[in-house]
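Quick note on labels: first sequence line is chain A, next is B, and so on, each numbered from 1.
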Protein chains: 2
Amino acid sequence: MENKISFKEAKACPIQFVLAVNDTLNVINGKWKLPIIGSLLFEKRRFTEIQRNIPKITPRMLSKELKDLEMNGMVKRTVYDTTPITVEYELTESAKSLGDVLDKMLEWGLQHRETVLSES
Amino acid sequence: MENKISFKEAKACPIQFVLAVNDTLNVINGKWKLPIIGSLLFEKRRFTEIQRNIPKITPRMLSKELKDLEMNGMVKRTVYDTTPITVEYELTESAKSLGDVLDKMLEWGLQHRETVLSES
DNA sequence: GTTGTTGCTATACAAAAGGATACTACTATA
DNA sequence: TATAGTAGTATCCTTTTGTATAGCAACAAC
């Protein structure tokens with residue numbers, strides 16, 4: 001039962017290509033995932049720390065997005081039995097490796113903006 | 001008035017970082033942009049060709065998304081005065097260069113999926 | 001003169017995403 | 001006893017996104 005798809009195979013087939021790229025996009029989609037990942041990129045943080053880091057997010061949204069990220073293997077949640085209780089969120093190794101992809105997007109985004117503006 | 005931001009600057013500042021990456025994400029967000037880009041990656045196509053290429057898209061959505069992509073400098077639209085009228089859509093150079101970014105996303109997506117599955 | 005083709009647009013609606021506001025249980029501090 | 005901090009939930013509402021279905025104008029072939 002070898003259903004693993006190689007880069008080569010995925011790239012050659014438009015359908016597999018779109019599906020696999022969407023896998024990546026789905027992990028970071030929505031208004032808040034990127035800011036949350038950004039907040040955790042360099043250090044683990046607690047719920048309220050992230051909240052203070054992203055001024056306009058509501059606890060409902062933060063809670064929901066953290067759950068999403070955890071389910072997708074992007075964030076690890078650790079509970080410490082202190083009083084009051086302490087919960088720490090940190091990025092998984094896989095999530096940290098997304099940094100390279102984000103760099104590529106950053107690069108393209110800056111360049112594209114320049115190209116588009118220079119044409120107007 | 002030099003408001004151009006370098007990769008280095010953007011990478012160092014979390015806010016600029018998130019903004020610039022979002023620039024890239026916004027260009028390909030929504031359900032249909034990626035399939036449309038995929039359809040145009042190797043050849044220019046006409047409206048109904050794209051429609052046939054992406055079976056479940058409605059003309060309303062295709063029309064809307066193509067306009068979006070055109071406005072964002074991703075697609076060039078050319079009208080030929082034939083009967084019936086012919087309209088061709090093709091990716092801009094900037095859009096084609098997005099291919100490299102998509103490859104990175106593809107790579108990460110495949111790898112992440114493997115990592116997450118192997119842990120369960 | 002009916003049907004088909006091209007590249008769409010109009011209207012109405014359903015679903016998904018996100019926001020506002022209030023609230024919980026527990027404890028520590030003033 | 002009142003206030004504040006911890007990590008969230010619950011409920012309701014608005015905004016955004018996408019769908020369904022129909023139709024248009026210009027021709028051309030049958």
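Under 3.5 Å, the side chain of B/R60 and the base of D/dT21 form no donor-acceptor pair of N or O atoms.
Using a cutoff of 4.0 Å between basic side-chain nitrogens and carboxylate oxygens, A/K11 and B/D103 are scored as salt-bridged. Using a 4.0 Å cut-off between a side-chain N of Lys or Arg and a carboxylate O of Asp or Glu, A/E88 and A/R46 do not qualify as a salt bridge. Using a 4.0 Å cut-off between charged nitrogen and carboxylate oxygen, A/E43 and A/R45 count as a salt-bridge pair. Taking 4.0 Å as the cut-off between side-chain N and carboxylate O, A/D68 and A/K33 count as a salt-bridged pair.
In this structure, B/K31 reaches the D/dT19 phosphate: one of its side-chain N or O atoms is under 4.0 Å from OP1 or OP2. Phosphate contact (OP1/OP2 of C/dT9, side-chain N/O of B/S63, threshold under 4.0 Å): present. Contact annotation: B/K67 side-chain N/O to C/dT9 OP1/OP2 distance is under 4.0 Å. OP1 or OP2 of D/dG8 has at least one side-chain nitrogen or oxygen of A/Y89 nearer than 4.0 Å.
Here A/T82 lies out of heavy-atom contact (under 4.0 Å) with every strand.
Side-chain contact between A/L69 and A/L40: absent, with no pair of heavy atoms (C-beta onward) separated by less than 4.5 Å.
In the region residues 39-55 of chain A, proximity to DNA chain C at under 4.0 angstrom, judged on heavy atoms, holds for none of the residues.
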